[in-house]
Amino acid sequence: MPETTAEGPHALSIPAVNATALRRALLAWYRRHHRKLPWRPAPGVGNAAQVDPYHSLVSEAMLQQTQVATVLPYFQRFIEAFPTVRALADADEQRVLRMWQGLGYYRRARNLHAAAQRVVSEFDGEVPAEVPALLKLPGVGRYTAGAIASIAHGRPAPIVDGNVARVFARLFNLQDPVDRPDVQKQLWAIAEALVPARSPGDFNQALMELGALVCTPKSPTCLTCPLRYRCAGLAQGDPERLPVKRPKKKPKAVTHLVVAVRRNGRYLFEQRPATGLWSNMWQLPTWEGDDATHPACDAAAVVDDLVVGAWLAERFGITPGKLTPAHDFTHQTTHRTIRFVVLTANANNGRLRPNTGRWLKLDQLDEFPLPNPQRTAVNHLP
DNA sequence: AAATCGGGGTT
DNA sequence: AACCCAGATTT
């Protein structure tokens with residue numbers, strides 16, 4: 001059983017461990033078993049200068065809630081398109097979104113773009129090294145600031161991500177839900193107490209790497225873990241039950257009625273609003289509604305042509321001809337189960353209302369960021 | 001404190 | 001189908 005220490009009346013209880021031995025075991029494992037990644041320095045003291053802090057900023061933005069394997073091709077293409085922080089700062093936001101297309105959480109791309117501009121305007125083009133300065137950048141929270149400070153600049157800043165939370169929950173047998181604010185506070189206090197003055201970047205990456213390769217959510221390979229003799233969760237017999245998390249809400253069922261309106265070999269497209277889902281991205285004209293109670297179709301997606309025609313006329317000034325079903329599929333996001341009902345129509349008459357949409361040839365779409373399901377809809381047009 | 005914001009990999 | 005992922009921001 002790990003003992004606990006309390007420093008002062010309001011101090012959090014932090015498991016008492018042999019921090020030196022723990023760091024040594026973890027770093028030795030990391031030197032042997034780490035994956036080589038384009039944004040990662042080779043392990044070793046004084047490795048910080050090997051990383052371009054701009055690369056660190058880009059990779060950490062992409063890695064938020066996204067697995068390493070998914071990020072790899074995006075990172076390569078992104079750095080190729082925007083090799084320096086100034087190149088990114090000078091870029092058009094639509095082009096940044098286009099490079100981010102398919103990666104999800106698109107606010108990250110817009111924040112990263114804005115962060116690059118702030119690095120240029122307020123930090124003379126140098127990604128800051130200290131956590132308080134990094135925290136001023138949009139899209140950079142406590143984790144990302146600590147990651148950049150420690151990995152790219154060698155600062156002894158702590159980090160807690162999903163991997164670290166799982167490793168700590170097992171290592172110290174933390175029974176309370178790790179997504180509860182007070183437990184998060186405890187995890188950060190532990191990380192702060194453990195991060196070493198030398199090689200903090202390697203140490204932080206080693207914690208995450210252990211979580212990704214050994215201390216996995218399901219079927220952790222405890223027999224190969226460098227911390228197996230220090231793990232309270234393993235000593236209790238069942239580390240896989242940790243970490244405990246609070247239950248999540250079920251996604252809401254909605255319908256997106258998509259109308260592909262064609263005229264003279266072009267299709268009508270609209271840009272989504274600057275806030276909310278898929279902000280600032282483009283799509284075929286789409287009418288969103290609750291599943292089963294959509295204003296224009298029933299639960300079986302039997303569409304009321306007159307209602308759809310009236311909607312198109314009111315919104316774009318365009319009157320469609322006969323509507324023809326083209327495709328019907330579902331798209332899953334974290335908070336929604338979206339049924340996409342795609343119809344096609346020819347536009348016989350009407351003038352496009354200003355600032356409501358654009359007529360685009362499909363081969364122009366390379367320049368426009370589209371959500372994945374809208375790409376799917378476009379790909380199924382006749 | 002809770003909700004929002006994507007898409008894909010794993011099991 | 002459920003859970004997770006090198007989280008941040010808004011409400």
Side-chain angles (χ1 to χ4, degrees), chain A residues 34-35 37 39-40 56-75 97 100-112 114-115 134-152 157-167 177-185 187-188 191 201 203-213 215-220 240-241 243-252 272-281 330-338 369-376:
Chain A
H34 70 277
R35 296 167 291 183
L37 301 174
W39 54 82
R40 164 179 288 175
S56 186
L57 174 64
V58 171
S59 65
E60 293 302 342
M62 289 185 169
L63 286 163
Q64 289 166 8
Q65 293 293 287
T66 309
Q67 296 187 167
V68 166
T70 304
V71 165
L72 279 168
Y74 281 90
F75 177 80
L97 277 174
W100 206 274
Q101 177 180 280
L103 198 54
Y105 284 167
Y106 299 95
R107 190 173 59 183
R108 293 181 295 171
R110 306 208 293 142
N111 280 338
L112 176 60
L134 285 161
L135 287 173
K136 294 179 178 173
L137 301 175
V140 176
R142 196 172 179 186
Y143 162 78
T144 304
I148 297 172
S150 63
I151 298 170
I159 59 157
V160 175
D161 74 330
N163 291 302
V164 175
R166 182 171 59 255
V167 169
V178 293
D179 47 359
R180 223 172 57 194
D182 61 313
V183 179
Q184 278 289 311
K185 194 171 176 181
L187 293 170
W188 278 94
F203 176 80
N204 285 337
Q205 292 181 92
L207 274 178
M208 295 189 285
E209 198 80 337
L210 189 72
L213 301 181
C215 195
T216 47
K218 300 293 181 186
S219 308
E240 189 173 336
R241 78 193 152 81
V244 174
K245 293 195 177 181
R246 291 183 294 190
K248 291 168 187 170
K249 271 185 54 180
K250 283 188 176 176
K252 180 182 178 183
R272 295 182 60 88
T275 60
L277 188 67
W278 298 313
S279 57
N280 280 5
M281 299 178 82
T330 64
H331 178 82
Q332 193 66 48
T333 74
T334 304
H335 293 280
R336 293 182 182 81
T337 301
I338 308 176
L370 266 64
N372 270 9
Q374 290 284 338
R375 285 280 168 197
T376 300

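Naming convention: chains lettered A, B, ... in sequence-line order (proteins, then strands); numbering from 1 in each chain.
Rounding to the nearest 0.5 Å gives a distance of 9.5 Å between CG of A:Leu137 and CG of A:Leu112. The structure places CE of A:Met62 at 10.5 Å from CG of A:Leu57, a figure rounded to the nearest 0.5 Å. Separation of atoms CH2 (A:Trp39) and CD (A:Gln205) is listed at 10.0 Å; rounding is to 0.5 Å.
Of all the heavy atoms in A:Arg166 and A:Pro243, the pair that sits closest is CG-CD, 3.5 Å. Contact record, A:Ile148 with A:Glu60: CG1-CG, 4.2 Å, taken as the closest heavy-atom pair. Nearest heavy-atom pair across A:Thr334 and A:Tyr105 is OG1-OH, 4.1 Å. Closest heavy-atom contact between A:Ala157 and A:Ala149: CB-CB, 4.1 Å.
Using a 4.0 Å heavy-atom distance criterion, A:Leu112 is classed as making no nucleic acid contact. Within the nucleic acid shown, A:Arg142 comes within 4.0 Å of sugar-phosphate atoms alone, with no base atom in reach, counting heavy atoms only. In this structure, A:Ile159 reaches neither bases nor backbone, as no heavy-atom distance under 4.0 Å exists between it and the strands shown. No engagement by A:Gly211 is indicated, since no non-hydrogen atom pair under 4.0 Å with the nucleic acid exists. If you check every strand for non-hydrogen atoms under 4.0 Å, A:Val164 touches nothing. A:Arg166 comes within 4.0 angstrom of the backbone, heavy atoms only, and of no base. Within 4.0 Å of A:Trp100, counting heavy atoms only, lies no atom of the nucleic acid at all. Within the 4.0 angstrom heavy-atom criterion, no nucleotide atom of any strand lies near A:Arg110. Residue contacts shown for A:Ser219 are absent, as no nucleic acid heavy atom lies under 4.0 Å away.
Computed from coordinates, the A:Asp179 CG to C:dG7 C1' distance equals 13 Å when rounded to whole Å. As a whole-Å value, the separation of A:Met62 CE from B:dG8 P is 15 Å. Rounded to an integer number of Å, the gap from A:Gln65 CD to C:dA6 P is 9 Å. Here the C1' atom of nucleotide B:dT4 and the CZ atom of A:Arg108 are 14 Å apart, to the nearest Å. Note: CG (A:Leu137) to C1' (C:dG7) measures 15 Å, nearest angstrom. The nearest whole Å value for the distance from the CZ atom in A:Arg246 to the P atom in C:dC3 is 15 Å. As a whole-Å value, the separation of A:Leu213 CG from C:dC4 P is 18 Å. Per the geometry, CG belonging to A:Asn204 stands 10 Å off C1' belonging to C:dA6, to the nearest Å.
Considering only the side chain of A:Arg107, B:dC5 comes nearest among B:dC5, B:dA1, C:dC4. With B:dT4, C:dA6, C:dG7 as the candidates, the nucleotide lying closest to the side chain of A:Lys249 is B:dT4. The side chain of A:Arg35 lies closest to C:dA6 when the candidates are B:dG6, C:dA6, B:dA3. Among the nucleotides C:dA6, C:dC4, C:dG7, the one closest to any side-chain atom of A:Pro217 is C:dC4. Nearest nucleotide to the A:Lys218 side chain, out of C:dA8, B:dG7, B:dT11: B:dT11. Nearest nucleotide to the side chain of A:Asn372, out of C:dC5, B:dG7, C:dA8: B:dG7. Nearest to the side chain of A:Leu277, among B:dC5, C:dG7, C:dA6, sits B:dC5. Closest to the side chain of A:His335, from the set B:dG7, C:dC4, B:dC5, is B:dC5. Comparing B:dT4, C:dG7, B:dG7 by their nearest atom to the side chain of A:Tyr105 picks out C:dG7.
Projected onto DNA chain B by closest heavy-atom contact, A:Thr333 and A:Gln67 fall at different nucleotides, the more 5' of which corresponds to A:Thr333. Two residues, A:Glu60 and A:Pro138, neighbour DNA chain C, and the one matched to the more 5' nucleotide by heavy-atom proximity is A:Glu60. Between A:Leu103 and A:Pro181, the one whose closest nucleotide on DNA chain B sits nearer the 5' end is A:Pro181.
Residue A:Lys245 places at least one side-chain N or O under 4.0 Å from the OP1 or OP2 atom of C:dC5. A close approach under 4.0 Å does not occur between any side-chain nitrogen or oxygen of A:Thr66 and OP1 or OP2 of B:dG8. OP1 or OP2 of C:dC4 sits under 4.0 Å from a side-chain N or O of A:Lys248.
Applying the 3.5 Å distance criterion, the base of C:dA6 shares a donor-acceptor pair with the side chain of A:Arg40. Interface remark: the A:Thr70 side chain does not form any donor-acceptor pair with the B:dG7 base, using a distance-only criterion of under 3.5 Å. For A:Thr334 against B:dG6, a side-chain N or O and a base N or O form a donor-acceptor pair under 3.5 Å.
B:dA3 sits 23 Å from C:dA6 when the C1' atoms are compared, rounded to a whole Å. One P atom belongs to B:dG8, the other to C:dA8, and the distance between them is 22 Å to the nearest Å.
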Tell me, with the steps shown, if A:Asp179 and A:Arg246 meet salt bridge (Lys or Arg N to Asp or Glu O under 4.0 Å). CA-CA 7 Å; A:Asp179 47 359; A:Arg246 291 183 294 190; 3.7 Å; yes
